[in-house]
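Quick note: numbers below take in every heavy atom, side chains included, and nothing from hydrogens, waters or symmetry partners. Computed from a prediction, not measured in an experiment: that's the story for all the values here.
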Amino acid sequence: MLRIGLTGGIGSGKSTVAALLTTRGVPVIDTDEIAHRLTEPGQAAFDEIVRVFGEEILDSNHRIDRNRLRERVFENAAERQRLEAILHPRIREVIREKLAALHAPYCVVVVPLLIESGFTDLVDRVLVVDAPEAAQIQRTAARSGLTEPEIRKILSAQATRAQRLQKADDVIENNADRRHLEKEVERLHQWYLSLATNVKRN
């Protein structure tokens with residue numbers, strides 16, 4: 001099975017591309033969803049995060065306040081690395097389990113920080129959804145309510161557009177309308193199906 005790593009900066013349109021591929025019957029593994037499940041109360045990662053970062057990151061329902069935790073780790077690279085050391089090995093394990101259970105020509109693994117986290121060894125090809133920075137900021141602000149300085153702080157902690165594009169095997173430029181994006185997704189879908197067929201034959 002061909003494994004495609006889908007990535008892109010915040011507000012680039014990764015989730016939309018993943019949803020369009022899902023409607024075409026492509027299995028999608030979303031690492032954000034995995035991370036959310038791993039950090040629910042009762043999970044080992046939850047206990048370790050609270051032990052490392054303290055109960056001040058919890059909300060009134062004794063769940064991890066993701067905004068509070070994000071603010072803390074984006075302010076401090078060492079803290080971010082501590083969080084990644086807790087989550088990344090567990091996320092990798094879940095990805096491997098999910099991949100082993102799949103039977104399809106190809107699948108997509110959505111990893112927002114694919115380049116930064118070094119998860120590229122889990123995939124065969126890297127697909128980057130690219131968008132101008134102004135569009136990223138506008139989309140993120142509309143979706144999340146974050147301010148421009150807050151969004152820029154997140155952008156500064158991610159790989160640059162140039163760094164992502166350098167690692168890309170395939171690129172979708174999400175700088176036009178929805179129709180254009182759907183055509184790009186369909187083009188790549190057919191390309192991946194043909195690649196997967198060739199892989200099987202070889």
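- In this structure, Ile115 and Gln166 have side chains that are not in contact, with every pair of non-hydrogen atoms separated by 4.5 Å or more.
- Distance alone, capped at 3.5 Å, is enough to place a donor-acceptor pair between the Thr7 side chain and the Pro112 backbone.
- Across Arg139 and Ala131, no two heavy atoms sit closer than the pair NH1-CB, 3.4 Å.
- With values rounded to the nearest 0.5 angstrom, Leu6 atom CG is found 7.0 Å from Leu21 atom CG.
- From Asn67, atom CG reaches atom OG of Ser144 across 8.5 Å, with rounding to the nearest 0.5 Å.
- Other residues, nucleotides and ligands place no more than 12 heavy atoms under 6.0 Å from the CD atom of Glu55.
- A salt bridge does not link Glu71 with Lys153: every distance from a Lys NZ or Arg NE/NH1/NH2 to an Asp or Glu carboxylate oxygen is 4.0 Å or more.
- When all heavy atoms of His36 and Thr39 are compared, the pair lying nearest together is O-OG1, 3.1 Å.
- Counting only heavy atoms from C-beta outward, the side chains of Asp170 and Val128 never approach each other to under 4.5 Å.
- When the options His189, Lys183, Gln190 are evaluated for a side chain to side chain donor-acceptor pair (under 3.5 Å) with Glu186, the one that passes is Gln190.
- Of all the heavy atoms in Cys107 and Leu102, the pair that sits closest is CB-CD1, 3.8 Å.
- Partners of His180 by ring pair (Phe, Tyr, Trp, His ring centres under 6.0 Å), not counting sequence neighbours: none found.
- Between Leu114 and Ser117 the shortest heavy-atom distance is O-OG, 3.5 Å.
- In this structure, the side chain of Thr140 does not engage the main chain of Ile137 through any donor-acceptor pair within 3.5 Å.
- Looking at Leu69 and Ile49, their side chains come closer than 4.5 Å, going by heavy atoms from C-beta outward.
- No donor-acceptor pair under 3.5 Å is formed between the side chain of Arg3 and the backbone N or O of Val109.
- A distance of 9.0 Å separates CG of Asn76 from CD of Gln81, quoted to the nearest 0.5 Å.
- The residues Glu93 and Arg90 are annotated as not salt-bridged, no charged nitrogen and carboxylate oxygen being separated by less than 4.0 angstrom.
- Nearest heavy-atom pair across Tyr106 and Pro27 is O-CD, 3.4 Å.
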After noting the C-alpha distance and the side-chain angles of Asp130 and Arg164, does the key distance pass the salt bridge (Lys or Arg N to Asp or Glu O under 4.0 Å) rule? CA-CA 9 Å; Asp130 185 50; Arg164 271 191 297 271; 5.6 Å; no
When you look at Ile34 and Ile29, which way does the side-chain contact (heavy atoms from CB on, under 4.5 Å) test go after all the steps? CA-CA 8 Å; Ile34 294 171; Ile29 299 170; 3.8 Å; yes
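- A donor-acceptor distance shorter than 3.5 angstrom exists from the side chain of Arg24 to the backbone of Leu20, with no hydrogens or angles considered.
- Here Ile91 contributes atom CD1 and Asp32 contributes atom CG; the two are 8.0 Å apart, rounded to the nearest 0.5 Å.
- The CG atom of Leu127 sits 11.5 Å away from the NZ atom of Lys14 when rounded to the nearest 0.5 Å.
- Using a 4.5 Å heavy-atom threshold, the side chains of Val108 and Tyr192 count as separate.
- Within the 3.5 Å criterion, the main-chain N or O of Gln158 finds no donor-acceptor partner in the side chain of Glu116.
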Given the rule in the salt bridge (Lys or Arg N to Asp or Glu O under 4.0 Å) test, do Arg187 and Glu184 qualify, once you have shown the distances and angles that lead to the verdict? CA-CA 5 Å; Arg187 173 182 66 81; Glu184 284 292 281; 2.8 Å; yes
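- The shortest distance between side-chain heavy atoms of Arg70 and Leu146 falls below 4.5 Å.
- Here the CG-CG distance, from Leu188 to Leu193, works out to 11.0 Å after rounding to the nearest 0.5 Å.
- Considering only heavy atoms from C-beta on, Gln136 comes within 4.5 Å of Leu155 through its side chain.
- In this structure, Glu84 places its CD atom where more than 12 heavy-atom neighbours from other residues, nucleotides or ligands lie under 6.0 Å away.
- For the pair Glu48 (side chain) and Ile86 (backbone), a donor-acceptor distance under 3.5 Å is absent.
- Enclosure of atom CD in Gln43 by more than 12 non-hydrogen atoms of other residues, nucleotides or ligands within 6.0 angstrom is indicated.
- In the hydrophobic clustering of this structure, Leu113 does not group with Ile95; members are Ile, Leu, Val, Met, Phe, Trp, Tyr whose side-chain heavy atoms approach within less than 4.5 Å, directly or through other members.
- For the pair Leu58/Phe46, a side-chain contact is recorded, criterion being any heavy-atom separation below 4.5 Å from C-beta on.
- Closest approach of Ser12 to Asn174, counting heavy atoms only: O-ND2, 2.8 Å.
- Using modelled atom types, one side-chain atom of Arg72 and one backbone atom of Phe53 make a donor-acceptor pair closer than 3.5 Å.
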